[in-house]
Amino acid sequence: MFETIRSYSRVLMYVLVPLIIGSFVLVGVDSYFNLRDTGNTAVAKVDGRDIKQSEWDNWFREQIEQFRRQAPNIDVRMLENPAMKRQALDELVRENVMRVAATDGGYATSDERLLNFYRTDAQFASFRNPDGTIDRARLEGAIAGQGLSVQGLEARMREMIAQRQVLQGLTASVAPPAAAASAALDAMFQQREVQVERFDAKNFAAKVNPTDAEIEAYYQDPAHQAAFRSVEQADIEYVVLDLDAVKQSTSVSEDDLKKYYQENIKRYTAPEERKVRHILVRAGTSATDAERAAARTKAEALRAELVKAPATFADVARKESQDPGTAERGGEMDTYIARGDTDKAYEDALFALKPDQISEVVPTSEGFYILQLQASRGGEVRPFEAVRAEAENEIRGQLAQTRYAEAANEFTNTVYEQSDSLQPVADKLKLPVQTAKGVTRTPAPNAADTPLGSAKLLEAVFSDDVARNKRNTEAIETKPNQLVAARVVAHRPAAVRPLAEVRDLVKQRLVAKQAAELARKEGEARLAAAKAAAGTAFASAPVKVSRASPNDQPREVVDAALKAPAADLPSVVGVDLGDQGYAVVRVTKVLGRDPVVADAAQARQQYAQAWAAAESAAYYDALKARYDVKVLAPAVADENSSDITASN
């Protein structure tokens with residue numbers, strides 16, 4: 001993951017990220033970590049220079065911050081573990097090696113090369129003028145906001161480009177032999193026609209019946225006991241302080257409720273809406289003064305007629321209105337109008353009318369309107385008693401926001417100062433003491449949205465002082481505006497469960513093992529017979545397999561089929577499928593590459609890139625040997641990271 005952050009082509013997703021990230025990730029660390037405290041422990045050596053613990057810590061912290069800036073919604077705590085920190089040390093060592101190699105190799109960045117970098121690198125595209133030159137003023141303004149200068153940026157870019165040259169000559173010139181490329185692509189994408197006979201362990205399970213002695217021996221075997229270990233568990237008490245808890249403990253007086261109601265009376269008033277007919281004499285913004293004057297005169301004349309005979313409004317609208325959307329409906333709007341829905345002048349005139357009243361002529365940007373109010377609704381005020389609960393909830397929510405900080409401080413101090421019980425903080429802040437049984441270090445799937453879904457809280461629960469000494473955890477922030485403190489009531493370390501408790505599981509595993517052995521024995525006999533008589537027929541239908549298209553065959557079967565000798569077909573091989581049983585595979589034909597590889601040229605290019613990466617890795621190993629690299633920090637055991645080991 002940190003390699004992605006380091007990558008110059010990925011971390012510069014924002015225009016200013018290169019100005020920040022590049023300086024940390026692609027440039028030597030000396031300008032940032034002048035921490036030459038001789039009392040600091042050395043964690044690695046490169047060319048006789050110590051890399052101190054403080055440098056490593058700062059480097060790791062900077063990488064975490066870089067990731068946080070690029071992915072603000074990601075919980076970066078998942079990166080804060082020993083394996084990732086060790087990976088950061090490996091990268092810090094690499095940066096030091098490349099800096100020394102660039103210096104020893106005499107690599108330098110000329111003004112011309114730097115200028116070409118600015119002109120061609122996509123990450124500076126937004127700072128380039130149409131003629132390709134750099135808009136220095138914009139660049140200076142952008143990086144000044146990051147506390148940098150153009151001169152400082154250029155120095156860092158020069159060093160970065162120099163370091164690139166250490167490997168660039170090697171990677172740019174790599175040309176893998178055509179025969180090697182073809183063989184590798186064949187191994188990856190070649191298809192073969194095979195027949196497969198399966199000897200599944202499940203079909204032999206009925207033939208085995210382990211004795212008590214065999215079950216006991218399987219259980220006692222150290223190689224198997226890990227499967228029968230219980231997970232470390234704890235029964236806990238915990239208290240939660242959040243906005244809801246503060247809200248529940250907040251009381252509001254009747255006088256305050258009524259005051260709030262009066263101050264917010266508009267919120268409890270149904271919005272007034274009106275139904276209207278209108279007539280439009282059009283004279284838009286493009287009309288001349290004379291045209292608008294004529295339109296107004298016509299509107300005034302129509303209004304005079306309507307005032308005398310309001311009941312004729314619909315007929316006049318159908319005949320005279322120039323609003324095509326309403327004229328055919330007698331000027332009637334098909335919806336009610338609320339305040340803020342329409343032109344201010346139109347709205348003011350409408351809400352000043354009484355039912356059936358004719359408005360004055362209303363000038364708007366479209367022309368001149370004449371309105372007649374048809375109906376009104378809304379405007380009713382909900383009584384206090386009807387909104388009392390709603391108002392109280394709102395007030396308590398607002399008070400909780402202001403009181404939370406004070407309560408959080410009290411919560412934090414109390415759980416620390418009275419660390420042998422959670423009852424004092426529960427009593428003081430009126431919080432319930434909750435319980436949970438069988439809590440483990442890993443959050444339960446159904447706890448994701450609860451405090452017990454917090455990895456940070458669970459880490460504190462299983463710390464030595466809390467788990468074994470029954471002390472309160474500190475106040476843990478499990479999410480914004482939520483603090484949790486927990487206390488272990490009972491702790492059960494991980495241990496091998498008694499045989500009586502896991503006997504059925506032991507027997508199930510032993511049956512599977514013995515059934516797999518029977519399947520393997522029968523499969524091997526079938527393999528021997530097939531090899532002895534090459535023409536032996538297989539009942540199964542032929543199928544085509546490749547690594548890209550395994551055709552529902554296990555990976556082990558596909559690998560064995562593609563590795564089988566193809567000089568003299570048919571070729572027969574056996575495949576041990578472990579607890580699943582055994583398979584005998586008969587290869588009958590070697591076919592072309594899988595059609596999934598549509599672009600052969602692209603496949604060769606990808607192979608060349610992989611070859612270049614391997615060459616680069618080998619050259620980097622040689623550089624580490626040349627500069628006597630020693631990683632002094634202990635290796636991290638991580639089952640998910642096979643490459644995290646100590647280097648010498």
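Computed from heavy atoms alone, side chains included, the values below leave out hydrogens, waters and symmetry copies.
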Query raised in the report: Side chains of Glu394 and Tyr260: donor-acceptor distance under 3.5 Å anywhere?
Result: yes

Query raised in the report: Tyr336 ring centre to Arg274 NZ or CZ under 6.0 Å, with the angle to the axis within 45°?
Result: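 The answer is no; the distance or angle limit is not met.
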
Requested in this report: Before accepting this row, confirm whether a basic side-chain N of the pair Glu360/Arg303 lies closer than 4.0 Å to the acidic partner's carboxylate O.
Outcome: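 Salt bridge flag = yes for Arg303 with Glu360.
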
Query raised in the report: Could Glu332 and Lys275 be called an ion pair, given the rule that one side-chain N must be under 4.0 Å from one carboxylate O?
Result: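 A salt bridge is present here (some side-chain N lies under 4.0 Å from a carboxylate O).
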
Query raised in the report: Do Lys298 and Gln322 have side chains that get closer than 4.5 Å, going by heavy atoms?
Result: yes

Report task. Please tell me if the side chains of Asn551 and Ser549 come closer than 4.5 Å, counting only heavy atoms from C-beta onward. Result -> no

Query raised in the report: What pairs meet the salt bridge (charged side-chain N to carboxylate O under 4.0 Å, His left out) rule with one or both residues in residues 237-249, with sequence neighbours excluded?
Result: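 As it turns out, the salt bridge (charged side-chain N to carboxylate O under 4.0 Å, His left out) pairs with a partner in residues 237-249, which skip direct neighbours, are Glu237-Arg487.
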
**Report entry** Glu328, CD atom: more than 12 neighbouring heavy atoms under 6.0 Å
**Finding:**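 No, because the 6.0 Å sphere around CD of Glu328 holds 12 heavy atoms or fewer from other groups.
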
Requested in this report: Answer yes or no: are there more than 12 heavy-atom neighbours, outside Gln357 itself, under 6.0 Å from its atom CD?
Outcome: yes

Show which side-chain atoms of residues 425-438 pair as donor or acceptor with protein atoms under 3.5 Å away, not counting sequence neighbours.
{"unit_1": "Asp427", "atom_1": "OD1", "unit_2": "Gln423", "atom_2": "NE2", "d": "2.9"}
{"unit_1": "Gln434", "atom_1": "OE1", "unit_2": "Tyr238", "atom_2": "OH", "d": "3.4"}

**Report entry** Heavy-atom closest contact (Phe368 atom, Arg292 atom, distance)
**Finding:** CE1-O, 3.4 Å

Expected list for residues 406-415: side-chain donor-acceptor pairs under 3.5 angstrom, two or more places apart:
{"unit_1": "Thr412", "atom_1": "OG1", "unit_2": "Ala408", "atom_2": "O", "d": "2.9"}
{"unit_1": "Asn413", "atom_1": "ND2", "unit_2": "Asn409", "atom_2": "O", "d": "3.3"}
{"unit_1": "Thr414", "atom_1": "OG1", "unit_2": "Glu410", "atom_2": "O", "d": "2.7"}

